[in-house]
There are 2 protein chains.
Amino acid sequence: MARIGQGKATGIKETTATGGRRSVTIIDIAEVAGVSKSTVSLVLKASPLVKSETRERVQRVMEEMGYVYNRGAASLRKSSSSVIGMVINDLANPFFAELAIGIEQALQHSGYIPYLAHTAESVARQAEVVRSMREHGAAGIILCPALGTDAADLADLSVPGLPIVLAIRRIAGARLSSVTSDSVGGARRATQHLIGLGHRRIAFIGGAEAMVVRQGRFTGYQEALQAAGLPLDPSLTMESMPTKDGGFQSMLTLLDRSDALNPLTAAVCFNDVVAIGAMLAVTRRGLQVGRDISLVGFDDTAEAQHVSPPLTSIAVDPAGLGKAAAGMLLRHIADTAPKFENYVGEARLVIRDSCRPPLRKDAIA
Amino acid sequence: MARIGQGKATGIKETTATGGRRSVTIIDIAEVAGVSKSTVSLVLKASPLVKSETRERVQRVMEEMGYVYNRGAASLRKSSSSVIGMVINDLANPFFAELAIGIEQALQHSGYIPYLAHTAESVARQAEVVRSMREHGAAGIILCPALGTDAADLADLSVPGLPIVLAIRRIAGARLSSVTSDSVGGARRATQHLIGLGHRRIAFIGGAEAMVVRQGRFTGYQEALQAAGLPLDPSLTMESMPTKDGGFQSMLTLLDRSDALNPLTAAVCFNDVVAIGAMLAVTRRGLQVGRDISLVGFDDTAEAQHVSPPLTSIAVDPAGLGKAAAGMLLRHIADTAPKFENYVGEARLVIRDSCRPPLRKDAIA
DNA sequence: CTGAAAGCGCTTACAG
DNA sequence: CTGAAAGCGCTTACAG
């Protein structure tokens, strides 16, 4: 079968859904039940206009004939739709999986049915997937933008009448509603926790400067240092990919240039994955996490609990954010929401075992 | 807006997708471009019948007017569809998330677009979701059945002309194609590994007897024992929920009734989660995993690598199974597949640090 | 309560 | 190459 794709339609193949056999329609039902198809339609929408005896007869016939409602036809006629698209950047990450589940639960009794698509952090795939959802007539979209998405990409995806809410990642310059978590507050609390334990030389590791989320977290880190009267030492901040290896390399670098007289004793990490990489680096240099170097992660993933020592982290309740995003989108669809809203979920400190007071210097000497 | 729901249609709400504004159609494009709508349609499917000059003009107009292809209308007219449904039981489990990603990747250039729905192990939700996909005209469905799904449930979901392939979990008595992994072989290899290290009293922990997957794994365990001439001791097999707590309780029970003269030294666990629960029980009783009790898990989840000691497990490549399921479904849709196929993916032993030779008895005394 | 008719946006023969 | 017409399965006024 020929590919479409040259025109405005995305290149998508089609097949007879019914395997050739014509499917049963309301006309067939009407004939067998001895009513008009209007009546069948009325039964379908549970209209009180239909006598209950008639309704039951019609329902019985539908059951017997294996009738399947054709939602596409109905949507076409009504110029309406009942699907909401969820576009997720990284399903393999349990954090985003939880988010998706939260969205789905919140939509459960809304009358909308959520469809999920996965972009695997590809901006191109994201454009494809959003276009396809539009072509399928989605009523709205919740989008976790793929890494590298910019405001222009988002503008291309937007179309009047199709509300989009951004989840987790806000995009600089994008004019869209969003649901994110309190990066600034979370990072501030993480840093304060370390300061409270007595740390003075605290690094900030991981993430790229262009990421809005990292900007927030870095800001929180700065704020806490400032509030405690500690200097911001640029040699203590490292950018990296938000990956285990990124954390590993960054920490190795920091450790190797750490001053013995005034050593690095702690780090706030961009997320748990980076923190776990940093843990490996600490171990690699013969040091001990918790004792020699205290570490805080972000996201409170399941892994944070299972590494050794268990990682102190900032928890952000992805399922709760998912619910918030779903609620916000519903309000946009119903047109009862302000044009642009930003919901910021709380980020709380979960203390485990990766942070202890720094070793006293004379104890080392 | 009134709920539907009494009739055969699922209770789903509808809204104007276009926010009131009528959307631009091929008729509008035709008018502006000065051609007939047939020509626009031909452009859409990249037909060679259209002169390239005309095609370009039409495409320019579509661009300018922000035309969005209405796939629902096209599907209706063609009695066809381009969506494939993926129904997943537990997205929060990275194993199933990987599976979903594998399916999606395999479908990427097939011309079909995958939509994912999540059942959270609810048979009722599963029925809803499958029905909705049918109503939306899905061309086929890949289904990871929710726990407790039986052949009758599946028969209700099936409809002629809508191919379904089962993934991961096969259902006893269901007449459907499936993609599963080699439970028998995997468990056999796990058990052989323990036997090879010198273990003689090896337990089998976790899962419920009704689960087809557990039947396979238990069979593999039996086969290995038999091949080595070891007796099958019923007191060494424990059923439980396939959860951490299930594994914990089972192992506690086994440990507490273990005979000091002929002690339990190893266990094959239904999956990694159960194994991790069992590890906790071993530790709780003051014993050491690896040294006193050797443990093998199943699934090779990320957690298996991160627990301490790292867990030996049976890896089953969920993404590969996803690809296989997608390929099989595509063949069913194209009607080039046998009526019922069963693909069984390999299950290989990944050796880590949770299994060692048993302590010699005289070493204990 | 029920029926006849129009129309949602598209594709598909069929003429020209 | 292009145009006029029918029809996919439904809903929605409008009559009766």
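Convention: sequence-line order gives letters A, B, ...; per-chain numbering from 1. It should be emphasised that the depicted structure is a prediction, and the values quoted were computed from it without experimental measurement. Side chains included, hydrogens not; waters and symmetry mates left out as well; all remaining heavy atoms used.
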| query | Does the A:Ser41 side chain pair with the main chain of A:Lys37, one donor and one acceptor, at a distance under 3.5 Å? | reply | no

| query | Which residues satisfy the side chain to side chain donor-acceptor pair (under 3.5 Å) test with B:Asn342, sequence neighbours excluded? | reply | B:Ser178

| Is there a donor-acceptor pair closer than 3.5 Å between any side-chain N or O of B:Ser75 and the backbone N or O of B:Arg71? | yes

| note | DNA chain D nearest-nucleotide lookup for B:Ala73 and B:Val50: closer to the 5′ end is B:Val50

| Basic-acidic side-chain contact under 4.0 Å: A:Arg169, A:Glu121 | yes

| request: Please determine if a side-chain N or O atom of B:Ser75 lies less than 4.0 Å away from the OP1 or OP2 oxygen of D:dC8. | output: no

| query | Hey, is the side chain of A:Ser41 poking within less than 4.0 Å of OP1 or OP2 on D:dT11, counting only N and O atoms? | reply | yes

| Is the side chain of B:Gln126 donor-acceptor paired with the backbone N or O of B:Ala146 at a distance under 3.5 Å, no angle test? | yes

| said: Could you write out DNA chain D as dot-bracket? Rules: Watson-Crick or G-U wobble, both distances under 3.5 Å, brackets [ ] for crossings, | for pairs with another strand, dot for unpaired. | reply: |||.||||||||.|||

| field | For atom CG of A:Leu42 and atom P of D:dC10, their distance in whole Å | value | 14 Å

| query | Which of these passes side-chain contact (heavy atoms from CB on, under 4.5 Å) with B:Leu44: B:Thr39, B:Ile26, B:Val50? | reply | B:Ile26

| query | If you check the A:Asn70 side chain, which of D:dG9, D:dA13, C:dT12 turns out closest? | reply | D:dG9

| message | Go nucleotide by nucleotide along DNA chain D from the 5' end; which of B:Lys37 and B:Leu76 gets its closest nucleotide reached first? | response | B:Lys37

| side-chain N/O B:Thr54 vs D:dT2 OP1/OP2, d < 4.0 Å | yes

| query | According to a strict under-4.0 Å criterion, is A:Lys45 in side-chain N/O contact with OP1 or OP2 of D:dT12? | reply | yes

| Any B:Thr25 side-chain nitrogen or oxygen under 4.0 Å from OP1 or OP2 of C:dG9 | no

| task | Please state how far atom OH in B:Tyr69 lies from atom P in C:dC8, giving the value in whole angstrom units. | result | 18 Å

| query | B:Gly72 or A:Leu49: which one's nearest nucleotide on DNA chain C is closer to the 5' end? | reply | A:Leu49

| query | Can you check whether B:Asp150's main-chain N or O pairs, donor with acceptor, with B:Asp153's side chain at less than 3.5 Å? | reply | yes

| Thinking salt bridges, do A:Glu341 and A:Arg331 make one under a 4.0 Å N-O criterion? | yes

| message | Is the phosphate of C:dG3 approached by A:Thr39 (side-chain N or O, under 4.0 Å from OP1 or OP2)? | response | yes

| Distance in angstrom units between B:Leu44 CG and D:dT2 C1', rounded | 16 Å

Distances for protein N or O near nucleotides 14-16 of chain D N or O, under 3.5 Å:
none

| request: Would you mind telling me which of A:Arg170, A:Lys339, A:His332 makes a side chain to side chain donor-acceptor pair (under 3.5 Å) with A:Ser177? | output: A:His332

